[in-house]
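Here the structure is laid out as structure tokens; the discussion comes afterwards.
Below, chains carry the letters A, B, ... as their sequence lines are ordered, and counting in each starts from 1. Hydrogens, waters and symmetry mates are skipped; everything else that's a heavy atom, side chains included, is used.
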Protein chains: 2
Amino acid sequence: MPSNSFADRLGEHVVLTEGERTALQLLDDRERAVRRGGALCRENDAVADFFILKRGMLMSFVILNDGSRQILRFILPGDIVSLSTLAYARATETISALADSVVGMFDRSAMARVLRDHPRLYAAMMALDQVTRAALSDRVASLGRTSARARVASVLLEIRDRMRRLDPAFPTSFALGLTQEEIGDATGLTAVHVNRMLRQLEDERLIARAGGCVTLIDEARLVRAAHYVDRMTGVDLSWLSSPS
Amino acid sequence: MPSNSFADRLGEHVVLTEGERTALQLLDDRERAVRRGGALCRENDAVADFFILKRGMLMSFVILNDGSRQILRFILPGDIVSLSTLAYARATETISALADSVVGMFDRSAMARVLRDHPRLYAAMMALDQVTRAALSDRVASLGRTSARARVASVLLEIRDRMRRLDPAFPTSFALGLTQEEIGDATGLTAVHVNRMLRQLEDERLIARAGGCVTLIDEARLVRAAHYVDRMTGVDLSWLSSPS
DNA sequence: CGTTCTGTTGATCGAACTCAACTAGTGTGG
DNA sequence: CCACACTAGTTGAGTTCGATCAACAGAACG
């Protein structure tokens with residue numbers, strides 16, 4: 001059984017009390033479905049909600065004035081989507097669905113209740129958010145200082161690693177769920193060049209491709225080529241367990 | 001009097017109680033000075049502390065295996081430096097000083113005390129951290145989808161805006177405090193090309209330069225050229241003030 | 001007073017972009 | 001049921017932006 005709820009994710013790092021567990025279950029009191037291509041919210045929308053992805057896959061991106069798109073992150077089940085709502089009344093990014101998806105929703109008052117009734121849980125949620133920040137930092141380094149080949153490789157590795165963490169049985173050969181244009185918008189490349197880089201990785205026997213599926217053949221070399229770091233490994237929330 | 005403490009920064013967005021104010025004053029119980037060029041902590045160091053910059057200027061960066069450096073953010077007085085300590089026992093970035101600096105320090109147990117005794121304050125700290133995340137997102141978009149000229153312009157604007165927020169009297173003509181190599185490491189460019197872009201911006205009468213000082217001549221055009229967004233404008237923590 | 005650091009400029013190179021053409025799959029509506 | 005449109009992927013040719021290499025000037029510094 002794949003673990004794809006936020007509670008399970010948290011549970012990997014801190015031992016949750018029964019009360020915390022039920023609080024999490026009651027947290028996202030509403031649900032919303034989004035079709036592939038649909039938007040959950042748009043940049044600059046007035047947004048007062050937080051979302052947790054339950055099923056499917058989302059992405060967040062911004063559109064620049066020249067019309068080009070930069071994908072900021074991919075959002076997988078168990079991820080909290082819109083923590084920027086903590087500081088902004090309007091969305092700083094557009095969230096849209098890469099696959100048919102379902103999100104759980106809750107508002108700021110629900111967040112305030114968690115803070116009041118389960119401060120340790122609140123702290124754990126904020127702490128885990130640092131993981132996405134670390135991933136965002138990695139993306140900055142990737143865009144600023146690595147080659148197109150490395151950037152494409154790192155997207156492949158990121159998706160695979162995060163999927164496998166949700167489901168240890170996630171296969172070595174898998175459908176990315178991204179078009180080459182989407183990979184390009186995440187890596188700051190054109191779709192055409194993404195295509196060439198995929199071909200190159202294939203020619204180098206680092207990956208194989210067949211019918212829309214990718215296989216990571218030589219993972220060790222791929223990790224080196226991509227300068228990839230898995231940011232979930234290394235998480236340590238043990239300080240939250242000490243008596244407060 | 002420039003406002004450069006974290007308490008003042010928070011105070012711009014939420015009304016702090018007397019108790020919260022004193023808690024903040026007592027928070028960073030230790031101080032540490034770092035000379036220009038010195039490191040506060042290195043990537044992968046075991047770090048259990050949080051830092052708040054009191055005076056000076058820091059940067060955070062990572063070094064890739066090929067030796068190239070990517071600067072992730074510039075840290076100005078009042079910024080909390082190392083919130084990744086919330087989730088990681090080891091530093092994910094190197095922090096070093098761009099100018100002679102002084103930081104206040106506190107550890108995880110102090111953070112836990114804030115959470116216990118002043119949960120609203122804790123929430124405000126976490127919320128404000130979303131601003132740096134938004135800035136990091138902007139940097140991703142900048143690196144992925146804008147020209148060298150735009151990226152250099154956006155560094156100029158960012159430094160100026162953040163300095164002016166600390167000190168409304170911050171002059172239009174100012175010393176950046178960054179070498180061209182540092183600008184390059186922040187923007188994913190070489191020092192040589194940064195130089196050319198500065199010259200181009202100068203030729204276009206968007207900026208002027210004299211003796212290490214920069215003047216932003218045509219700010220409106222510069223903002224457009226850089227696709228720049230000031231992420232402090234738009235912050236809304238009002239939901240924290242409602243009765244919890 | 002050499003040495004190192006930072007900035008500047010020119011010449012050349014190469015990685016990634018642009019434009020264009022073509023294929024294959026997938027609807028979809030007449 | 002098929003013609004047509006539309007999307008995603010693929011490949012080639014030519015272009016461009018930014019990198020690399022190199023040389024030099026001025027400032028800072030021990």
Expressed in angstrom and rounded to an integer, what is the separation of [X] atom [atom1] from [N] atom [atom2]?
X: Ile183(A); N: dA8(D); atom1: CD1; atom2: P; answer: 12 Å
X: Gln200(A); N: dT10(D); atom1: CD; atom2: C1'; answer: 16 Å
X: Leu178(A); N: dT7(D); atom1: CG; atom2: P; answer: 18 Å
X: Arg145(A); N: dG18(D); atom1: CZ; atom2: C1'; answer: 12 Å
X: Arg149(B); N: dG18(D); atom1: CZ; atom2: P; answer: 11 Å
X: Arg36(A); N: dT7(D); atom1: CZ; atom2: C1'; answer: 11 Å
X: Asp66(B); N: dT20(D); atom1: CG; atom2: P; answer: 10 Å
X: Leu176(B); N: dG7(C); atom1: CG; atom2: C1'; answer: 14 Å

Can you tell me if the side-chain N/O atoms of [X] get under 4.0 Å from OP1 or OP2 in [N]?
X: Thr190(B); N: dA19(D); result: yes
X: Arg209(B); N: dT8(C); result: yes
X: Arg199(A); N: dT11(D); result: yes
X: Gln180(A); N: dT10(D); result: yes

Between [options], which one does the side chain of [X] approach most closely?
X: Arg151(A); options: dC17(C), dT10(D), dA16(C); value: dA16(C)
X: Arg196(B); options: dG18(D), dA19(D), dA16(C); value: dA19(D)
X: Asn195(B); options: dA19(D), dT11(D), dT8(C); value: dT8(C)
X: His193(A); options: dA16(C), dG18(D), dG9(D); value: dA16(C)
X: Glu181(B); options: dA16(C), dT6(C), dA20(C); value: dT6(C)
X: Leu189(B); options: dT6(C), dG9(D), dA19(D); value: dA19(D)

- Query: Can Arg164(B) be said to sit on top of Phe170(B)'s aromatic six-ring, NZ or CZ under 6.0 Å from centre and within 45° of the ring axis?
  - Reply: no
- May I ask you to check whether Tyr228(A) and Asp138(A) show a side-chain donor-acceptor distance below 3.5 Å? no
- Item | Salt bridge present between Glu158(B) and Arg165(B) (N-O < 4.0 angstrom) | no
- Hey, does Gly188(B) reach any base, or is it just sugar-phosphate, or nothing, if we go heavy atoms under 4.0 Å? sugar-phosphate
- Message: Name the residue from Glu93(A), Glu43(A), Gln70(A), Arg73(A) that meets the side chain to side chain donor-acceptor pair (under 3.5 Å) definition with Ser60(A).
- Response: Glu93(A)
- Message: So which atom in Ile71(B) and which in Ala186(B) form the shortest heavy-atom distance, rounded to 0.1 Å?
- Response: CB-CA, 3.8 Å
